[in-house]
Amino acid sequence: MLIKDRRFKGLSSDEKLLYGLMLGRMSLSMKNGWFDDENKT
């Protein structure tokens with residue numbers, strides 16, 4: 001879990017929230033097959 005995992009202990013709450021939002025957007029892009037010119041999500 002992102003919030004309680006020891007690896008993320010040094011991150012602030014805002015940083016964890018931003019990371020979670022970005023991760024969600026990346027998952028959505030992958031699901032919809034959206035890629036950029038370099039074939040990256």
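For reference, positions follow the sequence shown, starting with 1.
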Looking at [atom1] of [X] and [atom2] of [Y], how far apart are the two atoms once the value is rounded to the nearest 0.5 Å?
X: Lys9; Y: Lys16; atom1: NZ; atom2: NZ; value: 9.5 Å
X: Trp34; Y: Arg25; atom1: CH2; atom2: CZ; value: 7.0 Å
X: Asp5; Y: Leu11; atom1: CG; atom2: CG; value: 10.5 Å

Pairing residues for Leu18 by the side chain to side chain contact (heavy atoms under 4.5 Å, CB included) criterion, not counting sequence neighbours: Met22

Side chain to side chain contact (heavy atoms under 4.5 Å, CB included) against Asp37, all qualifying residues, sequence neighbours excluded: none

Sequence-distant partners of Ser12, side chain to side chain donor-acceptor pair (under 3.5 Å), two or more places apart: Glu15

